[in-house]
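Please read the structure below before turning to the comments.
Computed from heavy atoms alone, side chains included, the values below leave out hydrogens, waters and symmetry copies. So that the names make sense, note that chain A is the first sequence line, chain B the second, and so on, each numbered from 1.
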Protein chains: 2
Amino acid sequence: MTAAAPTTLTDVARHAGVSRATVSLVLRGSPLVAAGTQLRVREAVAAVGYVYNRGAATMRGTGTKTVGLLVTEIDNPFFAELTAGASAALDIAGYIPFLATTEESAARQDRAVQRLREHHVDGLILCPSMETRPAWIAGLAERGVRLVQVMRFVKDSIGDFAGPANEAGMEALTEHLIRLGHRRIAFAGAAVMHSGLRQRVAGVRAALRRHGLPAPLVLRTPATRAGGAEAAVRLCAMPERPSALMCCNDVVAFGAMQALRERGLGIGRDIAVTGVGDVPEAAACLPGLTTLATNPRGIGREAVRLLLRRIADPKAAPEHVALPVRLVVRGSTGGGNRSGEL
Amino acid sequence: MTAAAPTTLTDVARHAGVSRATVSLVLRGSPLVAAGTQLRVREAVAAVGYVYNRGAATMRGTGTKTVGLLVTEIDNPFFAELTAGASAALDIAGYIPFLATTEESAARQDRAVQRLREHHVDGLILCPSMETRPAWIAGLAERGVRLVQVMRFVKDSIGDFAGPANEAGMEALTEHLIRLGHRRIAFAGAAVMHSGLRQRVAGVRAALRRHGLPAPLVLRTPATRAGGAEAAVRLCAMPERPSALMCCNDVVAFGAMQALRERGLGIGRDIAVTGVGDVPEAAACLPGLTTLATNPRGIGREAVRLLLRRIADPKAAPEHVALPVRLVVRGSTGGGNRSGEL
DNA sequence: TGCTCTCACTGGATCGATCCAATTGGCAAG
DNA sequence: CTTGCCAATTGGATCGATCCAGTGAGAGCA
């Protein structure tokens, strides 16, 4: 009653009156086994309550059907959705993810990868933390670790990548502001730069340059709610205040909006604010936040596709996928409408 | 260069001039090995770039140092934070979690658990999906699966549990409304009941009964943003409208607030609204949402503590932990203050 | 009948770390 | 000088699924 009987292939084989090898073939869906035998084996599996032992199978070289999913922080609606997309796609393929968070620490990231390697994961989906060295990425590849980078791509590294079309999206968002008459634009949330942020700033810069407008004022504040508020405060203290504040993500924008409001500025009237991400709160807040919908779920799915391809063919040519983003215009860039999409 | 040399204990042993058994002892920190030998072995490990193979170790009966973490949905700030708390606590203990989502489907849940069993997880942290049968939980226990339930506890099941003190919290929240003069109270988001929801409604009911007030009007709307809006619409259509709407969670409350606002009702003035969870948006929206802070991170940590204890001592007495919740009063229950905590 | 050929199935070796019983060398006590 | 003992180390068997080289039965054909 109490003890869990650890049933093995041998138990099933005995029960079905065949050999271990035959049971193994049936379990892996081999066509070499006669239909009648397959049936008998499957009945035996059910009868003895057999549970496949992936660990034992791994020792003979088959993959583990596991992958590591490393994000900087799971308590961030963006990464939570990315994780959901990746997890669903992996599930369909019969894989299951190990979850680990790096908290932006290269040391933690290295420890996590080490632990995942001990578990012989078939591959890794990684949002590289700050300070990740290209040599580190290369070292993993050399040791046979299949790896797809998401959201950020370590400069001078090689390999697969899936992320949002940051630059094109920010260009569209900036064009929108320019059409509304904005000329001086600030960018908030660039305290520490990574490839994704660099692309976003580059997009803003490109759009402004195309229209012969001055480069954006980059505020190097943290990419947090508090950082957004800090940026707003600094903005308010300026003699010639920019008329639009573009934030590196939605959360930063929420912080900025609250601080601006407390200083008596009308969002969308006295100053325009934009975000990136289109998290649920962006539609619900007042006024609604103009932002870029970046489809994190799709990025997670795409990363899985790339990783499974890489596992199947380790020497395939590296692929970089930039998923299209969608401009979502709401009240925070004017138009007087209180909320909701235009 | 290209091939990944799969180094084993034997390689390390050869390099250090000792036997496999000795290397194994060193790696597991046995005190039986002389200090000098330990040093030589550790140097050899580094020299050959050895990576421990947990799968092989598992075959000799040692645990896998993995656990399964099953939540209904990861793209829900509450479960994301719970996951973060659990993940951090597991990391400290040298464990790593498999992540799986059930999407409230008992069938998906069963499939996920099956897959986790194939991977020989040492234990399971589970937020049981709707329709989970107590017999299913009991069956797992019989087969030696160590399991801790979080947030919800399957009725008539046995085992460990960690969750918020729902009933006490809702009593406090209801008392707050009663102090403010509310007499007729509605509860939104009870389309499908689980133990957590039952406790919440029971808390409301208990506080009202204590004050000789009528039982709450339970609106059986879905526990989503849209469900909250639906509840608000139904509320507005009533002849004798309750003066307070208590929502089963913050997200439902946001939906309700938006719908009420669109119908010209002043939140906190014409009608009071409350949530549960205290997600970041609760502090940022206008007016701020009065809610219960439920400490999801702490629940995740606590679940890990219970699970590790259960793994260490499978026949310990079951423990149920209700983590204290904190009443956070903001503008949505009146007082005229626009935002922020009182 | 004798021969080849295919199909269905099988026994034994194997993966890499761990456990156990056994061995070695060194040292103190008798 | 032997004996006993302890600390340090080791070889071999083991866990459970998989791979491989086979075996045997039966069909097809001359």
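Set against dT18(C), dT10(D), dT18(D), the side chain of S19(B) has dT10(D) as its closest nucleotide. For T37(A), counting side-chain heavy atoms from C-beta on, the closest listed nucleotide (dC19(D), dC9(C), dT10(D)) is dC9(C). Nearest nucleotide to the side chain of Y50(A), out of dT9(D), dT10(C), dA17(D): dA17(D). Listed nucleotides dG16(C), dT10(D), dT18(C) differ in distance to A57(B); the shortest reach to its side chain belongs to dT18(C). The side chain of M59(B) sits closest to dC15(D) out of dC15(D), dT9(D), dT18(D). Here the side chain of A34(B) is nearest to one of dA17(D), dA8(D), dA17(C), namely dA8(D).
For L9(A) and dG12(C), the CG to P distance is 17 Å, given to the nearest whole Å. Rounded to whole Å, the distance from NE2 on H120(A) to P on dA17(C) is 8 Å. Rounded to a whole Å, the CD atom of Q38(B) is 15 Å from the P atom of dA7(D). The nearest whole Å value for the distance from the CG atom in L25(A) to the P atom in dC7(C) is 15 Å. Summarising the geometry, the separation between NE2 on H119(B) and C1' on dG16(D) is reported as 16 Å, rounded to the nearest angstrom. When the C1' atom of dG16(C) is taken as reference, atom CG of N53(B) falls 6 Å away, rounded to whole Å. Look at CD on E118(A): it is 11 Å from P on dA17(C), rounded to the nearest Å. The distance from atom CG of L32(B) to atom C1' of dT9(D) is 10 Å, rounded to the nearest whole Å.
As judged by a 4.0 angstrom heavy-atom cut-off over every strand, R28(B) is placed among residues touching the sugar-phosphate backbone only. At a threshold of 4.0 angstrom between heavy atoms, the contacts of T8(B) are confined to the sugar-phosphate backbone, with no base atom among them. Within 4.0 Å of A21(A), counting heavy atoms only, lies at least one base atom of the nucleic acid. Within 4.0 Å of V23(A), counting heavy atoms only, lies no atom of the nucleic acid at all.
Tested against V113(A) for a side chain to side chain contact (heavy atoms under 4.5 Å, CB included), the candidates V121(A), L147(A), L70(A) yield a single pass: L70(A). Residue Y95(A) forms a side chain to side chain contact (heavy atoms under 4.5 Å, CB included) with just one option from T64(A), I311(A), V304(A), T66(A), and that option is I311(A).
Salt-bridge formation is detected for the pair E302(A)/R305(A): a Lys NZ or Arg NE/NH1/NH2 atom is positioned less than 4.0 Å from an Asp or Glu carboxylate oxygen. A salt bridge links R152(B) and E104(B); the closest N-O separation between the charged side-chain nitrogens and carboxylate oxygens is under 4.0 Å.
Within 6.0 Å of atom CD in E103(A), more than 12 heavy atoms from other residues, nucleotides or ligands are found, so the atom counts as buried in its surroundings.
A donor-acceptor contact under 3.5 Å is formed by the side chain of R20(A) with the base of dT18(D).
Taking only side-chain nitrogens and oxygens, S24(B) never comes nearer than 4.0 Å to OP1 or OP2 of dA17(C).
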